[in-house]
Each structure stands twice: as C-alpha cells, then as structure tokens.
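One structure below.
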Amino acid sequence: MLVRCIKRQIALANAKNLILGLTCFSSPLTRSAGMSSMAEKKDVDNDKPITRVLFCGPHFPASQIYTREYLEKYPFIQVDDVPLKQVPDHIGNYDLCVSKNMRFDSNVLSRAKQMKLIMQFGVGLEGIDIDAAKKHGIKVARIPGDATGNAASCAEMAIYLMLGLLRKQNEMQISVKQKMLGEPIGETLLGKTVFIMGFGNIGIDLAKRLKPFDVKIIATKRSWPSNSVVLNSKGSHGDIYEFASKADIVVCCLSMNKETVGIVNKPFISSMKKGALLVNIARGGLLDYEAVVQHLESGHLGGLGVDVAWKEPFDPNDPVLKFKNVILTPHVAGVTEHSYRSMAKVVGDVALQLHAGKPLKGIELVN
C-alpha cells in the first residue's frame, strides 16, 4: 500500500514537492519542518545562483559551526571553511568572507574577483588592508559588540582575569596540589582604582560591571561624547601615563592600529604603580613583549592577565608562563554561547541579504 502511494505521488507531483505531497506517509515533524522552511524562505529569491560564504582557518570553530546551523534551511547559501594557507587559492570562488585571523593584503584581495564583503566575526579589522579592499571594490565590516553580547562577554573576561590575579589563581592551584589550606593570601577588588584604557563598547560594559565591586574607575578615550558614562575621572589619549600612575589595575580595551601597536611599552609600564596589575582583552600587539617580561622579572609589574597574545596561537613553552603571577587564556573573551549565536545570526542574515540584493543590516561598514 505504501509503495503504491509513493509511486502515485511521484507521478502526480514534481520531486521538489514530494515531501509536502506525501499525505499518506507524513508526520508532524516532516510537515512542520516543511512549513517552517517555506515560511522562512518566502522573502528570499532562491532562484539566484548559490551565495558562497568563506570562513578563514580552523580557529574559533564555533563561528562557522553556528553559522551553518543558522543557515541550514537555506540551500542556496553555502558555508565553507578553508585552511589559512589555502585561502588565496580559493577566495575567488566566494561572495562573502569572514576573516577571523587571516591577513588580507592587496595581493590576496586581488584574487577575490567576486567578493562583495569581508567581515570579522567580531570587531577587530587590523588584519585587513581596508584601503586595498576599497580599491578592489570590496566592502569591509565589523559586527558591533554592543548588540550581540560580545562586548559584555569580553568585559566579564576582564573581571575574571582581574580576580584571578588578585586571588592568585596559579598559587591556589599549587596549594591544592600540596594539600595546603589558607594559602595564598589574596586581595580584593574592593577599593582598587581601575584604569580602562580605551572606552568603547567593551570599556563601557566593563565599567558597568565593575561598579558593584566598589572600585574607583578612571578611563581615557580620544574624544568623549556629551552623554558618556559617569566615571571617577576621564582623560584623553595624552593622559595615559598619568592615569597609569594612579591605577592599581590597568585594562587594555583599545582597538589596534598603527598608533596603538606596542603602546604598552617600557615607559608606560614604568609609569604604573609598583605591583600594579596589567590585563589585556583587546589585541596582543598592544603590549611590548620585551617590556612586559622585563617588568615581570624586576617585580615592578605585579601580575599579567591576557586573553590575547603577541603571537597566536600562543607558544605553550613561552618563558612568560614561568611566572606565577601570569594568567593566559586562549582568546576566548568573546567566545560565549550568547555572543557566538548572536554573531552567527548576523553573518547568516548578511549572507541572505547579499543573496537577495538587499541593503546590509546589523554590521558596521568601514569603507
């Protein structure tokens, strides 16, 4: 009976409509899936050629996994991930690229013949030659962190690193292994002065989350809007040395560019209080590696907490890890379920918008 029914349906209907036409062999699951798919696709022109999305490299794997999951009901959007070294050879086949930690110079961009947009799964665009992209007719964009939870996730990581340093996380693990109780003696955030260097979305979210700890918050920013967050003290970029001298904890939240590379150098760290802590959840290149190691060795720098490294992936044998007052995490500040699902939706929606020829929403174009 079932076989006869199937044959009859094939003869009467196009194969494309088979799943919806099999009234004698269907279930609530197949019916609801078909209806949901049709409902979600109705606003997209799926008669156009496939729109191809490229994720660069193996790192931050949840970015492409979650984006594929979000787009699984849209067969006209193809999501691929390619090893970094192979990107130049394949980039010419794609319409949209998520750069991650790929470097895009003029040579690579010249091969992106059908590329319409290169975007970051987050905010950092320092690896992309934006001027060269513009010359090749390619738009470049970031995903604003305030709308996806990325900034909040990074702010929470900064607090985690602060607390880990203050409570001497590495030494606590040693005490556990040695079966020691009541050691080490840690410190609290209570009463500390925290200098937020770079007061963008992450800095704003960090300040909000620090206030319940009863700390003094000072911050620098190139220009302050009139309706900015109330802080204990505000300064400009030229005030960073003065603010560093007042802080118990310095948190780097700057974007990295030609002006900020290596900004946390020997003069800057020397201007910090002896024993002050340094936290970086922005970009590894903001810190001068030799200066940091030198001040850790001398004891002037009281501790280092970083989620981003000078070279990534980080070398597990790097000498900086010999210090008990160093905490390193593997670039996961923004890698949370909430932020990654939100950013995957942004990438997926942009791919659908590109496919349909609609204006791009949910991203910040920079060229």
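Any value given below was found using the heavy atoms of this structure, including those in side chains, with hydrogens, waters and symmetry copies removed.
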Restricting to side chain to side chain donor-acceptor pair (under 3.5 Å), what partner residues turn up for [X], sequence neighbours left out?
X    : result
Y94  : D80
D307 : T329
T148 : none

Would you call [X] and [Y] a side-chain contact if the rule is heavy atoms closer than 4.5 Å?
X    : Y    : value
E312 : N101 : no
L54  : H90  : no
C56  : L84  : yes
S63  : V98  : no
F121 : Q64  : no
I91  : M102 : no
L352 : F76  : yes
E297 : F323 : yes

Look at the side chain of [X] and the backbone N and O of [Y], then say whether any donor-acceptor pair between them is shorter than 3.5 Å.
X    : Y    : answer
R209 : D205 : yes
T260 : I263 : no
Q353 : K361 : yes

Pair up each side-chain donor or acceptor in residues 273-281 with any protein partner under 3.5 Å, not counting sequence neighbours, and list the distances.
| unit_1 | atom_1 | unit_2 | atom_2 | d |
| --- | --- | --- | --- | --- |
| K273 | NZ | D248 | OD1 | 3.2 |
| N280 | OD1 | A282 | N | 3.0 |
| N280 | ND2 | R283 | O | 2.9 |

For residues 153-163, which residue pairs qualify under salt bridge (charged side-chain N to carboxylate O under 4.0 Å, His left out), counting only residues two or more places apart or in two chains? none
In short, salt bridge (charged side-chain N to carboxylate O under 4.0 Å, His left out) pairs touching residues 81-108 with sequence neighbours left out are R68-D81, D89-R111, D95-K116
Are there more than 12 heavy atoms of other residues, nucleotides or ligands under 6.0 Å from atom NZ of K168? yes
I'd like to know whether NZ of K135 has more than 12 heavy-atom contacts from other residues, nucleotides or ligands below 6.0 angstrom. no
Considering residues at least two apart in sequence or located in another chain, which fulfil the side chain to side chain contact (heavy atoms under 4.5 Å, CB included) criterion with L321? F314, V326, L328
Contacts table for residues 214-223: side-chain donor-acceptor under 3.5 angstrom, sequence neighbours left out:
| unit_1 | atom_1 | unit_2 | atom_2 | d |
| --- | --- | --- | --- | --- |
| K221 | NZ | F199 | O | 3.3 |
| R222 | NH2 | E259 | OE1 | 2.8 |

Considering only Ile, Leu, Val, Met, Phe, Trp and Tyr, and joining two whenever side-chain heavy atoms are under 4.5 Å apart, list the other residues clustered with V123. none
Would you compute the distance between atom [atom1] of [X] and atom [atom2] of [Y] and round it to the nearest 0.5 angstrom?
X    : Y    : atom1 : atom2 : value
S271 : I240 : OG    : CD1   : 7.5 Å
E72  : T67  : CD    : OG1   : 12.0 Å
E290 : K266 : CD    : NZ    : 11.0 Å

Taking only residues at least two apart or on different chains, which pairs with a member in residues 235-245 satisfy side chain to side chain donor-acceptor pair (under 3.5 Å)? S236-D239, E242-K246
The criterion is ring pair (Phe, Tyr, Trp, His ring centres under 6.0 Å); which residues satisfy it with H136, sequence neighbours excluded? none
Regarding S270 and H295, do their side chains bring together a donor and an acceptor under 3.5 Å, going by distance alone? yes
L304 and L287: side chain to side chain contact (heavy atoms under 4.5 Å, CB included), yes or no, with the steps? CA-CA 11 Å; L304 174 70; L287 274 56; 4.0 Å; yes
Considering only distance and modelled atom types, tabulate donor-acceptor pairs under 3.5 Å from the side chains of residues 189-197, sequence neighbours left out.
| unit_1 | atom_1 | unit_2 | atom_2 | d |
| --- | --- | --- | --- | --- |
| K192 | NZ | E187 | OE1 | 3.3 |
| K192 | NZ | T188 | O | 2.8 |

Say whether Y70 and L117 are linked into one hydrophobic cluster, either directly or through other cluster members, by side-chain heavy-atom distances under 4.5 angstrom. yes
Side chain to side chain contact (heavy atoms under 4.5 Å, CB included) between S175 and E171, worked out: CA-CA 6 Å; S175 291; E171 294 180 50; 5.6 Å; no
Please assess L109 against I118 for the test side chain to side chain contact (heavy atoms under 4.5 Å, CB included), listing each intermediate value before the final yes or no. CA-CA 10 Å; L109 292 166; I118 296 177; 3.4 Å; yes
